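Source: prediction; values computed, not measured.
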Amino acid sequence: MTDTTARGAASAQAVPMVLADCVSKSFGSNEVLKSISLEVRRGEVMCLVGPSGSGKSTFLRCINHLEVLSAGRLSVDGHLVGYREANGKLYELHPKDAAKQRRDIGMVFQRFNLFPHMTALENVMEAPLRVKGESKAVVEKRAMELLARVGLADRADYYPAHLSGGQQQRVAIARALAMEPKLMLFDEPTSALDPELVGEVLDVMKGLARSGMTMIVVTHEMGFAREVADSLVFMDGGVVVESGDPREVLSNPQHERTQAFLSKVL
């Protein structure tokens with residue numbers, strides 16, 4: 001590797017995968033996010049925890065421009081999300097251009113939202129075929145590899161109605177991975193599952209973390225946060241109350257609001 005190449009690689013590595021700068025979001029008079037600033041490094045797993053209504057899911061949706069910011073700016077891999085800057089001003093991108101950006105950001109929701117009339121394999125293949133226009137043979141091969149990765153190679157021809165909730169969520173993860181994203185967002189991916197099915201989805205997410213995928217996870221699974229996350233952010237009332245090493249925050253929270261929350265969930 002030449003010095004120039006090495007410097008370029010080091011420079012790219014230094015750019016945060018996600019950089020939020022004073023991000024605010026209001027719905028009418030309800031200020032849901034209040035000047036959130038944080039960064040996520042490449043390969044980092046960040047868990048967002050906090051009570052319902054604290055702004056966690058809204059922040060996640062802002063990252064891929066499913067919600068328009070009221071103030072501040074967000075960038076992914078060094079590029080503004082949903083906006084372009086000209087003469088010091090931000091201009092919202094055309095929806096088509098914003099959708100192109102979104103291809104690089106995978107998102108898994110609480111509800112699986114699979115197409116009921118398509119098999120597991122067809123669900124995973126749909127976006128690369130329609131959005132990227134890739135060849136069917138290439139897409140099908142990768143989709144089968146992804147289903148194997150989430151432990152569902154033997155369910156490729158099953159329709160969602162014949163899969164358990166945990167299996168459907170694993171198909172949803174494979175579907176998000178099919179677009180080969182550089183960042184994965186998980187919005188409480190296990191909250192709609194029966195307790196005995198939670199583990200199989202978390203195991204897939206642990207595998208993703210081991211592979212180096214950058215992930216932001218909104219979760220109530222404190223064991224997962226302790227074991228897998230590189231950083232933990234506790235949010236309440238639209239602000240970051242406390243953040244740091246998950247094991248440190250969970251075992252020795254400094255803020256009394258964090259202490260009160262953790263006393264109820266741990």
Is the backbone of [Y] close enough, under 3.5 Å, to the side chain of [X] for a donor and an acceptor to pair up by distance?
X      : Y      : answer
Thr119 : Asp157 : no
Asp245 : Arg247 : yes
Asp97  : Leu93  : no
Lys182 : Arg42  : no
Gln167 : Ser164 : yes
Lys34  : Gly237 : yes
Gln110 : Glu188 : no
Ser26  : Gly28  : no
Glu67  : Thr58  : no
Lys25  : Val68  : yes

Using a 4.5 Å cut-off on heavy atoms from C-beta on, say whether the side chain of [Y] contacts that of [X].
X      : Y      : result
Leu33  : Met235 : yes
Phe59  : Val32  : no
Met46  : Val217 : no
Leu208 : Leu177 : yes
Arg84  : Leu90  : no

What do you reckon, is CD of Glu256 surrounded by more than 12 foreign heavy atoms closer than 6.0 Å?
->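 Not buried by this count: 12 neighbours or fewer within 6.0 Å.
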What do you reckon, is CZ of Arg103 surrounded by more than 12 foreign heavy atoms closer than 6.0 Å?
->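 Yes, the 6.0 Å shell around CZ holds more than 12 heavy atoms from other groups.
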Are His255 and Phe234 close enough, and set up right, to give a ring pair (Phe, Tyr, Trp, His ring centres under 6.0 Å), and what steps lead you there?
-> CA-CA 10 Å; His255 196 284; Phe234 173 68; 7.9 Å; no
Using distance only, find each side-chain donor-acceptor pair of residues 128-135 under 3.5 Å and give its atom names and separation, not counting sequence neighbours.
| residue | atom | partner | partner atom | Å |
| --- | --- | --- | --- | --- |
| Arg130 | NE | Glu126 | OE2 | 2.3 |
| Lys132 | NZ | Met179 | O | 3.0 |
| Glu134 | OE1 | Arg142 | NH1 | 3.4 |
| Glu134 | OE1 | Arg142 | NH2 | 2.9 |
| Ser135 | OG | Val138 | N | 3.3 |

Please identify each residue that fulfils side chain to side chain donor-acceptor pair (under 3.5 Å) with Lys206, with sequence neighbours left out.
->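 With sequence neighbours excluded, Lys206 shows a side chain to side chain donor-acceptor pair (under 3.5 Å) to Glu227, given in chain and number order.
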[X]-[Y] side chain donor-acceptor pair, cut-off 3.5 Å:
X      : Y      : result
Asp187 : Ser57  : yes
Ser231 : Glu44  : yes
Ser211 : Arg149 : yes

If hydrophobic clusters are built from ILVMFWY residues whose side chains come within less than 4.5 Å, do [X] and [Y] share one?
X      : Y      : result
Val218 : Val23  : yes
Ile216 : Met184 : no
Ile36  : Leu183 : yes

Looking at Tyr158, is Arg155 sitting on its ring face, NZ or CZ under 6.0 Å from the six-membered ring centre and within 45 degrees of the normal?
->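 Yes, Arg155 and Tyr158 form such a contact.
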Do Lys89 and Tyr91 meet the cation-pi criteria used here (NZ or CZ under 6.0 Å from the six-membered ring centre, within 45° of the axis)?
->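 Ring-cation test returns no.
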Sequence neighbours excluded, which residues qualify as ring-ring contact (aromatic ring centres under 6.0 Å, His included) partners of Phe112?
->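 With neighbours one apart ignored, the set is empty.
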Carboxylate-amine/guanidinium proximity below 4.0 Å for Asp230 and Arg41 =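 Salt bridge absent between Asp230 and Arg41.
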Is the centre of the His117 ring less than 6.0 Å from the centre of the Tyr159 ring?
->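 Aromatic pair excluded; centres sit 6.0 Å or further apart.
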